[in-house]
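As structure tokens, the structure follows; a few thoughts come after it.
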Amino acid sequence: MKISSWNVNSIRARIDNVKDYLESTSPDVVLLQEIKAEEKNFPYEELNKIGYHSYISGQKSYNGVAILSKKKLDKINRLLPGDNIKQARIISTEIKIKSKVIEFINIYVPNGNPVDTDKYEYKIKWIDLFIKEINKKLNKDINIVIGGDFNIIPDDIDAYDSKRYLNDALFRLEIRKKYRTLINMGLVDAYRHIKKNKQEYTFWDYMAGSWQKNYGLRIDHFLVSNNILENIKNININKKPRSKNKPSDHTPVELEIS
DNA sequence: ATGGCTGAGCTACTCAGA
């Protein structure tokens, strides 16, 4: 089973690229971030025509997450308890793989720049609430896959020039420690686990020829609970969608589970 | 240190992204 995570930077601006990707790669489940659309503007029909059911948590203009699936899903959850600002940044579901029920949690973590503003405070608060929820689930020994745009560069190797990001909301020590908290709770960075010291990115800025120069960042991740490590077969960053016309600035990460 | 590029909403320009 192939699960993909992709920040598409607007589902409507990206629909042709998304359809190309789905038809050529055929993932079973896709976690989308930054769909930038409400329910009424989401292209349910177009995606259904090529074999995908869509479940979304949308809002106008900004944010928004969705789960696409070849099979129908139930038990969709769209809440992060305690988040009073209620931006559309999380959607989850349950899928049975072999004998295990796995909770798939799709997140779009706030960017947080500029630092030392209310945006940065919201990022910290959002992550703290998220950590609290995940901790509850892990204490109940629930099988978890978290996929999405974390807006966190975990380590030096995950940026083309990490020094430039030392005081950035993506890489500040305080933020990296939040990521480590998740790891220390019993989650595994599937990419780093499988690819060892490989240096690859999931995001390249639109500006200044970042893609051409490979000035990228690895900020889109899959974290899996260690009770399903044996089910994780492979992970791949698929750079093809980033090379196309009218690309998203992010590219998909694909996880194989069986 | 800053700007550069893209999308939404809307129709001029701001906000947001990372």
Side-chain angles (χ1 to χ4, degrees), chain A residues 5-19 21 31-43 46 56-66 83 85-90 106-127 147-176 178-179 199-221 237 239 241-253:
Chain A
S5 172
W6 189 11
N7 178 324
V8 290
N9 185 17
S10 167
I11 187 65
R12 285 173 288 170
R14 214 66 59 214
I15 188 65
D16 290 341
N17 274 349
V18 169
K19 282 163 69 180
Y21 173 70
L31 312 178
L32 298 178
Q33 303 88 34
E34 269 204 281
I35 59 171
K36 291 186 173 176
E38 301 169 276
E39 291 254 346
K40 63 178 180 186
N41 290 323
F42 191 87
E46 278 198 78
I56 89 166
S57 175
Q59 72 178 83
K60 201 173 178 176
S61 299
Y62 309 118
N63 313 315
V65 286
D83 178 22
I85 295 182
K86 289 190 169 54
Q87 296 181 0
R89 296 182 174 276
I90 188 164
N106 176 16
I107 60 170
Y108 174 47
V109 177
N111 175 296
N113 279 311
V115 295
D116 301 325
T117 63
D118 54 343
K119 290 183 182 178
Y120 185 76
E121 290 310 309
Y122 182 52
K123 181 177 194 174
I124 294 289
K125 191 175 174 211
W126 196 96
I127 294 173
D149 178 357
F150 282 63
N151 271 317
I152 298 175
I153 301 163
D155 222 321
D156 288 303
I157 193 175
D158 299 306
Y160 69 98
D161 182 3
S162 65
K163 284 186 207 71
R164 290 176 61 151
Y165 290 86
L166 277 170
N167 197 31
D168 188 285
L170 307 193
F171 191 63
R172 257 196 180 181
L173 185 57
E174 184 181 24
I175 294 295
R176 277 180 281 153
K178 300 291 181 195
Y179 194 79
Q199 189 163 22
E200 283 188 298
Y201 310 124
T202 63
F203 164 87
W204 297 260
D205 206 301
Y206 286 124
M207 295 177 275
S210 298
W211 167 249
Q212 288 76 10
K213 291 185 276 195
N214 195 30
Y215 284 3
L217 308 172
R218 191 175 73 93
I219 53 177
D220 301 88
H221 309 297
I237 296 172
K239 294 185 198 69
R242 185 63 180 84
S243 71
K244 295 202 169 186
N245 285 333
K246 256 178 89 72
S248 168
D249 39 7
H250 296 249
T251 215
V253 185

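Side chains included, hydrogens not; waters and symmetry mates left out as well; all remaining heavy atoms used. Proteins come first, then strands; the chains are lettered A, B, ... in the order of their sequence lines, and each starts at number 1. Note that this is a predicted model, so its numbers are computed, not measured.
- Looking at the side chain of A:K119, the nearest of the listed nucleotides B:dA18, B:dG7, B:dG17 is B:dG17.
- In this structure, A:D220 reaches neither bases nor backbone, as no heavy-atom distance under 4.0 Å exists between it and the strands shown.
- The distance between atom CG of A:N17 and atom P of B:dG7, rounded to the nearest whole Å, is 10 Å.
- Atom C1' of nucleotide B:dC15 and atom CG of A:N9 are separated by 14 Å, given to the nearest angstrom.
- A:K213 has its NZ atom 14 Å from the P atom of B:dG4, to the nearest Å.
- Residue A:F203 is in sugar-phosphate contact alone, with no base atom involved, counting any heavy-atom pair closer than 4.0 Å across all strands shown.
- The closest donor-acceptor contact from the side chain of A:H221 to the backbone of A:I152 lies under 3.5 Å.
- Ring orientation note: the planes of A:W6 and A:Y21 are nearly perpendicular, at an angle over 60° on the 30°/60° scale.
- The OH-P distance, from A:Y206 to B:dC5, rounds to 13 Å in whole Å.
- Here the P atom of nucleotide B:dA8 and the CZ atom of A:F42 are 13 Å apart, to the nearest Å.
- When the P atom is used for both B:dC13 and B:dA1, the distance is 31 Å, rounded to whole Å.
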_Verdict with reasoning, A:D16 to A:K244, per salt bridge (charged side-chain N to carboxylate O under 4.0 Å, His left out)_ = CA-CA 11 Å; A:D16 290 341; A:K244 295 202 169 186; over 6 Å; no
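- Contact annotation for A:N111: base contact, defined as any heavy-atom pair under 4.0 Å involving a base atom.
- Contacts of A:R218 with the nucleic acid, taken as non-hydrogen atoms under 4.0 Å apart, are absent.
- Counting non-hydrogen atoms under 4.0 angstrom, A:N41 reaches nothing in the nucleic acid.
- In this structure, the CG atom of A:D249 is 12 Å from the P atom of B:dG17, given to the nearest Å.
- Minimum interatomic distance between A:A88 and A:N63 (heavy atoms only, all atoms of both residues): O-CB, 3.5 Å.
- Comparing B:dG4 with B:dA18, their C1' atoms are spaced 13 Å from each other, to the whole Å.
- Using modelled atom types, no side-chain atom of A:S10 and backbone atom of A:K36 make a donor-acceptor pair closer than 3.5 Å.
- The interatomic distance linking A:F150 (CZ) with B:dA18 (P) rounds to 14 Å, in whole Å.
- Between A:R14 and B:dA8, a side-chain N or O to OP1/OP2 separation shorter than 4.0 Å is absent.
- Straight-line distance between the P atoms of B:dT11 and B:dC15: roughly 15 Å, to the nearest whole Å.
- The residue A:A13 sits close only to the backbone: its heavy atoms come under 4.0 Å of sugar-phosphate atoms, none of a base.
- As rounded to whole Å, 5 Å separates atom P of B:dA18 from atom CD of A:E34.
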